[in-house]
Each structure stands twice: as structure tokens, then as C-alpha cells.
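Written out below as C-alpha cells is the structure these notes cover.
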2 protein chains.
Amino acid sequence: MEKTIERLALYRRLLKNQSGKGNTHIFSHQLAGISGYSAAIVRRDLMNIGYYGTPRHGYEIKALIDCLNVFFNKPEVKSLILVGAGNLGRALIAYFIKDKTEYNLIAAFDSDPLKVNLKYNGCPCYSLEKIPELIAASQASVGIITVPAENAQSVADLLVENKIKGILNFAPVSLTVPESVYVENVDLALMLEKVLYFSVHHREGEKKNGMT
Amino acid sequence: MEKTIERLALYRRLLKNQSGKGNTHIFSHQLAGISGYSAAIVRRDLMNIGYYGTPRHGYEIKALIDCLNVFFNKPEVKSLILVGAGNLGRALIAYFIKDKTEYNLIAAFDSDPLKVNLKYNGCPCYSLEKIPELIAASQASVGIITVPAENAQSVADLLVENKIKGILNFAPVSLTVPESVYVENVDLALMLEKVLYFSVHHREGEKKNGMT
DNA sequence: ATTACTTTGTTAAATATATAACAATGTTTG
DNA sequence: CAAACATTGTTATATATTTAACAAAGTAAT
């Protein structure tokens with residue numbers, strides 16, 4: 001199911017693109033082509049969320065987007081915060097502040113007094129003490145952690161105390177959190193190592209970057 | 001095997017840490033604890049690379065690191081380049097320029113003339129035309145793509161033409177490359193969407209962030 | 001209308017990955 | 001030196017994920 005969720009979010013973005021181009025219908029193999037997965041997996045994914053197309057016309061793009069929006073709880077725009085306004089943190093602020101339709105980055109936090117009270121791309125930066133107050137006020141449920149590894153666990157603890165339910169963690173440590181909190185780790189150095197490894201050992205006939 | 005590779009790279013980093021702390025041996029359940037995986041999986045992973053511990057002392061850290069270094073082709077330091085010196089690109093330059101023991105970020109490239117000939121954290125930035133020359137000179141085999149989505153495919157084509165064998169792609173598009181080239185996609189917006197989804201739908205008893 | 005065709009939804013098989021179990025092994029203890 | 005113990009290496013089982021296959025259904029052509 002987890003992989004399916006990832007792909008569904010991708011499909012939604014791609015379908016919005018297609019809709020923007022004026023297309024009204026799409027076949028499973030077309031969605032497969034632009035997403036990089038196989039047609040079989042596209043059909044199976046859509047089956048999972050209960051959306052049905054028609055044999056000759058495929059899927060109706062607008063209806064499918066609506067269906068995906070429902071699946072992803074659309075009308076609700078979730079608030080999120082970011083902790084750690086270093087190089088990566090500020091880059092992510094710039095990245096996530098743009099698209100406001102699915103989520104709303106309401107604040108950044110940093111322990112450096114020189115950064116506090118500044119705004120990055122319009123996003124205000126506060127000191128860490130303000131976290132409880134701002135989470136409470138905004139009902140933020142997700143936090144992004146971009147602090148150094150040694151501070152990540154204490155920041156995670158702070159977020160969990162304040163009812164954060166999901167964490168996107170860029171610090172290269174394994175966070176310990178209650179089972180009810182979902183953590184997604186993004187370890188950039190490890191990803192690069194993986195590419196370095198497979199740049200040497202990768203052989204033809206792998207499925208990665210499929211395209212069937 | 002892919003998942004195993006990811007974990008092995010993580011183990012190596014954690015073991016170096018432990019070694020730095022003066023520890024000489026480690027048990028599978030300890031490595032499991034700090035990595036966030038289960039002891040069974042740690043043992044299975046190490047079995048896969050043919051390193052053997054002893055029942056009562058566990059694994060000898062230094063020897064295991066050596067073994068992992070061999071597995072990851074250690075003495076060889078691979079060169080890499082980055083294309084797209086925007087917010088994210090510059091943050092990644094700062095991130096990757098630090099650790100020079102496994103890889104060596106030799107240059108960044110950007111189409112913006114205002115960025116060309118600048119240095120970011122000591123990393124020189126060139127125009128895209130210089131790519132062939134610099135790849136040839138450095139024997140770089142891996143490229144990081146942090147350009148906007150609309151330019152990503154053409155940059156990927158350029159890298160492939162110049163014998164790049166692995167790509168770490170941050171642009172939110174599915175790249176089309178020859179099968180011999182390995183692509184790892186990092187789609188930050190999708191990762192955030194995934195966290196948003198599971199922050200609501202995550203239930204106890206999932207395996208993610210295991211800790212067994 | 002009937003036939004041929006395309007694409008779907010769904011089931012079945014294949015592959016990949018993780019968990020659990022346990023005999024083998026070496027260590028320590030008495 | 002034998003018994004108890006902890007931890008390994010490995011195999012067997014379970015789960016997750018992908019691929020492949022194909023009947024059912026709708027469409028277009030004749």
C-alpha cells in the first residue's frame with residue numbers, strides 16, 4: 001500500500017498537468033509512460049482507490065483528479081512547520097512555500113538568534129521556544145526537520161510533545177518516536193552513496209526507472 | 001538487494017561513528033537499535049556481503065568497516081558534478097562538499113550567467129557548455145540534477161552523452177535514459193505528500209521506523 | 001447487427017523483502 | 001571439563017510488491 005500511495009500522489013500531479021494542457025482522457029499506458037511505471041501497476045493502483053474508467057476511453061482526467069483529491073482529503077489544507085533554517089532548510093522553505101494548494105508552510109524555527117525574526121521567502125522564522133504556541137495556533141500536524149544530526153532527536157521530541165503526527169526528517173539519524181507518529185527519513189548522503197554504487201554495479205534489465 | 005545496499009551504506013556510517021567513540025565490537029541487535037532496523041535483518045545483510053562475526057563478541061567494527069569499504073569500492077573516490085545552482089542546488093553543494101572521503105564534488109553548473117564563475121562553498125560554478133570538458137577531465141561518473149522540471153530531461157541527455165552512469169534527480173519529472181544509466185529520483189513534494197497522508201492514516205503496528 | 005478491436009478490471013503467478021525460528025558455535029562459569 | 005548461555009548464520013515462513021495474463025465490456029467499423 002505504501003508504494004501505491006506514493007504513486008497516487010504522483011499521478012495526481014501528472015493528471016493536473018495533463019488537464020492544464022487541455023486533455024480530458026488518458027489511458028493507463030499513457031499515465032504509465034509519463035510516470036515511469038507500468039500500465040498494469042497504474043490500473044491496479046486506480047483499482048485500489050475505486051476509480052473506474054471505460055475500455056475505449058480510458059480514464060476521465062477531471063473525475064480521476066477529484067477522486068484522488070478525496071482520497072488525499074483534499075479540501076482540507078494541512079499546516080506544516082520547518083525546524084532548522086540552515087542551507088537545506090531555507091532551500092526547502094523556498095521549495096515548499098510555492099504550492100499552497102495541498103499544504104501551507106506557516107513558520108520556520110531556528111536556534112540561531114541571527115535568524116530569528118527574519119523572513120525567508122515570506123516565511124517567518126521564530127526561535128524554538130515559540131514552537132508550542134505556533135503549532136497550537138495553526139493546528140499544524142506535520143513538521144520538517146532540517147537541523148544537524150545531534151539536535152534532531154530533541155527537536156523530534158519537542159514536535160511530538162506538541163501533537164505533530166508526521167515528520168519529514170532530513171537529519172541523518174534514526175528518530176525514536178511513538179508508534180502513532182509517522183516518520184519519513186530522507187538521507188541525502190545515503191541516496192548519493194546508493195547512486196554511486198549503482199553507477200558501477202547497475203546492469204541492464206533492472207526495473208528501476210522502468211517504462212516497461 | 002536494493003534495500004540491502006541502502007542499509008549497508010547506513011551501517012558503514014554508523015560503524016564509523018561507533019569506531020570514533022572507541023568501540024571495537026558490536027552486536028547485531030545494537031546495530032539494529034541505532035539503525036532503526038531489526039537484528040534479523042542486520043544479520044542477513046551482513047551475511048550477504050560475506051562478513052562473519054563470532055557468537056559471543058558479535059562483529060568487529062574495524063574489520064566490518066573494511067569489508068563494507070571493499071564492497072563499496074572504497075579506495076576509489078568517485079567524482080561527481082551538480083547541475084542547477086538554485087536554492088536547492090546550492091544547499092546540496094554545501095551538504096556534499098563536506099564529506100570528501102567517499103566522493104568528490106568537483107563542479108556545479110548553471111545556465112544563469114550571474115552564477116557562472118562564482119564559487120559556492122569552494123565549489124566552482126560553470127556554464128552548461130563546460131560540462132563535456134569537465135566531465136572528461138575529472139572522469140566524473142555521477143551527476144546531481146537540481147534544475148527546474150522543464151530543463152531536467154535535456155540536462156539528463158547531456159550528462160548521458162558525456163558518459164555519466166548515475167543520476168540523482170531532484171527535478172519532479174520521470175527522466176528517460178538508457179538502461180545502463182541508473183537514476184534515483186528524489187521528489188520532495190511527493191515525500192511531503194506522503195507524510196501528510198500518513199500523518200492522518202497511519203495506525204499503530206506499522207513497520208516503518210521499526211526498532212522492532 | 002455482427003465482427004473485430006482496444007482497453008479495462010481482476011485474478012493468478014512471480015519476485016522481492018521482511019520476520020521468525022533455531023541449530024551451530026564459541027564463551028564463560030562453576 | 002561439562003553445563004549453561006548468548007549470539008551468530010541460515011533456513012523456512014510470511015508479507016509486500018510487481019508482473020503477466022486474460023476474460024469482460026464498450027466502441028468502431030463494416
Side-chain angles (χ1 to χ4, degrees), chain A residues 1-11 15 23-61 63-64 67 174 179 185 194 198 201-212, chain B residues 1-11 15 23-61 63-64 67 174 179 194 198 201-203 205-212:
Chain A
M1 197 70 200
E2 191 169 321
K3 289 285 167 60
T4 298
I5 304 291
E6 293 176 17
R7 287 189 298 263
L8 289 172
L10 173 59
Y11 300 157
L15 290 166
N23 295 340
T24 62
H25 291 76
I26 195 167
F27 295 129
S28 61
H29 66 263
Q30 295 177 308
L31 191 45
I34 55 179
S35 68
Y37 296 103
S38 71
I41 220 171
V42 167
R43 292 203 298 276
R44 250 169 123 288
D45 287 341
L46 298 188
M47 192 182 91
N48 275 327
I49 59 168
Y51 179 78
Y52 296 99
T54 51
R56 198 71 177 217
H57 292 128
Y59 305 100
E60 205 199 327
I61 292 177
L64 180 47
C67 185
S174 169
E179 280 206 27
N185 291 301
K194 187 178 169 190
F198 283 111
H201 296 93
H202 178 63
R203 293 279 168 277
E204 334 265 326
E206 301 291 320
K207 53 251 92 310
K208 189 81 202 178
N209 199 259
M211 208 119 319
T212 304
Chain B
M1 197 69 202
E2 191 169 322
K3 289 285 166 60
T4 297
I5 304 290
E6 292 177 17
R7 286 189 299 263
L8 288 172
L10 173 59
Y11 299 157
L15 290 166
N23 296 339
T24 61
H25 292 77
I26 196 168
F27 295 129
S28 62
H29 65 264
Q30 295 177 307
L31 191 45
I34 55 179
S35 68
Y37 296 104
S38 72
I41 220 171
V42 167
R43 291 203 298 275
R44 248 168 124 288
D45 286 342
L46 298 189
M47 193 182 89
N48 276 327
I49 60 167
Y51 179 78
Y52 296 100
T54 51
R56 198 72 178 221
H57 293 127
Y59 305 99
E60 206 199 327
I61 292 177
L64 180 47
C67 185
S174 169
E179 280 207 26
K194 187 179 168 189
F198 282 112
H201 296 92
H202 178 63
R203 292 281 169 273
E206 300 292 320
K207 53 250 98 300
K208 189 82 202 177
N209 199 258
M211 208 118 321
T212 302

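Here is how names work: the chains are called A, B, and so on, in the same order as the sequence lines, proteins then strands, and each is numbered from 1. A quick note: this is a predicted structure, and the numbers were derived from the prediction, not measured.
We find that CD1 of B:Ile41 is positioned 14 Å from P of D:dA16, with the value rounded to whole Å. Computed from coordinates, the B:Asp45 CG to D:dG9 P distance equals 12 Å when rounded to whole Å. As rounded to whole Å, 13 Å separates atom P of D:dA16 from atom NZ of B:Lys3. D:dG26 atom P lies 15 Å from atom NE2 of A:His25, rounded to whole Å. Taking atom CG on B:Asn48 and atom C1' on D:dT11, their separation rounds to 13 Å, with Å as the unit. As rounded to whole Å, 15 Å separates atom C1' of D:dT7 from atom CG of B:Leu64.
From A:Glu179, atom CD reaches atom NE2 of B:His202 across 6.5 Å, with rounding to the nearest 0.5 Å. The distance from the SG atom of B:Cys67 to the CD1 atom of B:Ile49 is 4.0 Å, given to the nearest 0.5 Å. Between atom CZ of residue B:Arg44 and atom OH of residue B:Tyr37 there is a gap of 14.5 Å, rounded to the nearest 0.5 Å. Interatomic distance, CD1 of A:Ile41 versus CG of A:Leu46, reported as 11.0 Å (0.5 Å rounding).
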What does the B/S/- profile of nucleotides 3-11 of chain C look like, 5' to 3', with a 4.0 Å heavy-atom cutoff to protein?
--BSBBBBB
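The only option from A:Asp45, A:Ile61, A:Val42 that meets the side chain to side chain contact (heavy atoms under 4.5 Å, CB included) definition with A:Leu31 turns out to be A:Val42.
Applying the side-chain hydrogen bond (donor to acceptor under 3.5 Å, both in side chains) rule to pairs touching residues 50-60 of chain B yields nothing, sequence neighbours excluded.
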